[in-house]
Amino acid sequence: ASCLVGSEMCIRDRHYGAAQDEYLISCIYLARIHALTAKAGRYGGGTWTKWYESKGLSEGSARTMVKNGDAFNSATVAELKQLPELTRKDLNLIARSGCAAQVVEAAGDSQRVQELLAQLKAEKDRADTAEKSAQNARKENAYFKELVKSAEAQTSKDAKKREEAESRYESALADINGLKEQNAQLKERADSAEAREEEAWKMQS
């Protein structure tokens, strides 16, 4: 702990490539500092950010180490040293899965640890596949929604065109009926005038 507190390079070196058990000890230490900072009410004020930046860590690295530290917090140094060699990716997967305690319990049995890790990887692959399928389904759903919207818009547009055509037809029909009525009136007047003219000729005769 004194090394971790006293040297900025210590955590940095352990984070970027030192021994696995030392890395996990550093993670546990970061998790405890994070918890103390949050409990003191200084987490939101930027104290935590300034602290991990002063140790040469990025936000992403600090968050990952805190998650790992929380997961392996109950493990002793002796148990951490008995863990078989695992990659940082493996450690992150174990921490996220909530199976760190099981892995630590099997620390002396390398084969058992590898079996647990294989199960976690298989579950992650299934979860990733399911998520990918869900994403594809969401994309297809969005695509079909757009098709439906487009079809509805086209239908609405066609309906509007049909209404406009019907309106023009009704207007033209009204014009034709009006013309027929005018023609009938003109014919009636012409017939009336012709009858009067014929009557006048008869009177002259």
**Request:** Starting from the C-alpha separation in whole Å, work towards a yes-or-no answer on side-chain contact (heavy atoms from CB on, under 4.5 Å) for L57 and R63.
**Result:** CA-CA 10 Å; L57 298 172; R63 289 184 182 278; over 6 Å; no
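- Side-chain contact between K67 and N92 is absent, with no heavy-atom pair separated by less than 4.5 Å.
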**Item:** Evaluation steps, side-chain contact (heavy atoms from CB on, under 4.5 Å), between Q182 and L179
**Value:** CA-CA 5 Å; Q182 287 179 7; L179 289 172; 4.0 Å; yes
**Message:** Applying side-chain contact (heavy atoms from CB on, under 4.5 Å) to F72 and L80, what does each step give before you reach the verdict?
**Reply:** CA-CA 9 Å; F72 287 93; L80 294 177; 4.2 Å; yes
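- Environment of CD in Q154: crowded, with over 12 heavy atoms of neighbouring residues, nucleotides or ligands closer than 6.0 Å.
- The main-chain N or O of T76 is found under 3.5 Å from a side-chain atom of E79 such that the two form a donor-acceptor pair.
- Contact record, A71 with A100: O-CB, 3.4 Å, taken as the closest heavy-atom pair.
- Counting heavy-atom neighbours within 6.0 Å of E85 CD, excluding the residue itself, gives a total of 12 or less.
- Closest of all the heavy-atom pairs between L30 and W48 is O-CH2, 3.6 Å.
- Looking at heavy atoms from C-beta onward, L120 lies in side-chain contact with C99 at the 4.5 angstrom threshold.
- Atom CZ of R88 and atom OG of S61 lie 9.5 Å apart (nearest 0.5 Å).
- Ion pairing of D128 with K132 is absent here, as no side-chain N (NZ or NE/NH1/NH2) approaches a carboxylate O to less than 4.0 Å.
- E188 CD to N183 CG: the interatomic distance, rounded to the nearest 0.5 Å, is 12.5 Å.
- Remark: K145 NZ to R138 CZ distance equals 11.5 Å, nearest 0.5 Å.
- Looking only at distances, no side-chain donor or acceptor of S171 sits under 3.5 Å from a matching main-chain atom of S167.
- Here the CD-CG distance, from Q20 to L83, works out to 5.5 Å after rounding to the nearest 0.5 Å.
- In this structure, L24 CG and N73 CG are separated by 11.0 Å, a value rounded to the nearest 0.5 Å.
- For the pair D90 and L86, the tightest heavy-atom approach, listed with the atom from each and the gap, is CB-CB, 4.0 Å.
- Atom-to-atom distance recorded for R126:CZ and K124:NZ is 12.5 Å, nearest 0.5 angstrom.
- Annotation: side chain of R32 is in contact with side chain of I28 (closest heavy-atom distance under 4.5 Å).
- Under the 4.5 Å side-chain criterion, counting only non-hydrogen atoms from C-beta, I33 is in contact with W51.
- For the pair K50 and E53, the salt-bridge criterion is not met [side-chain N within less than 4.0 Å of a carboxylate O].
- Among all heavy-atom pairs drawn from A106 and V113, the shortest one is O-CG2, 3.1 Å.
- The environment of CD in E131 is crowded: more than 12 heavy-atom neighbours from other residues, nucleotides or ligands sit within 6.0 Å.
- Residues M65 and Y52 fail the side-chain proximity criterion, which asks for heavy atoms closer than 4.5 Å.
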**Message:** Show, in sequence, the C-alpha distance, side-chain angles and deciding distance for I94 and L117, and conclude whether the side-chain contact (heavy atoms from CB on, under 4.5 Å) test is met.
**Reply:** CA-CA 7 Å; I94 293 167; L117 186 59; 4.1 Å; yes
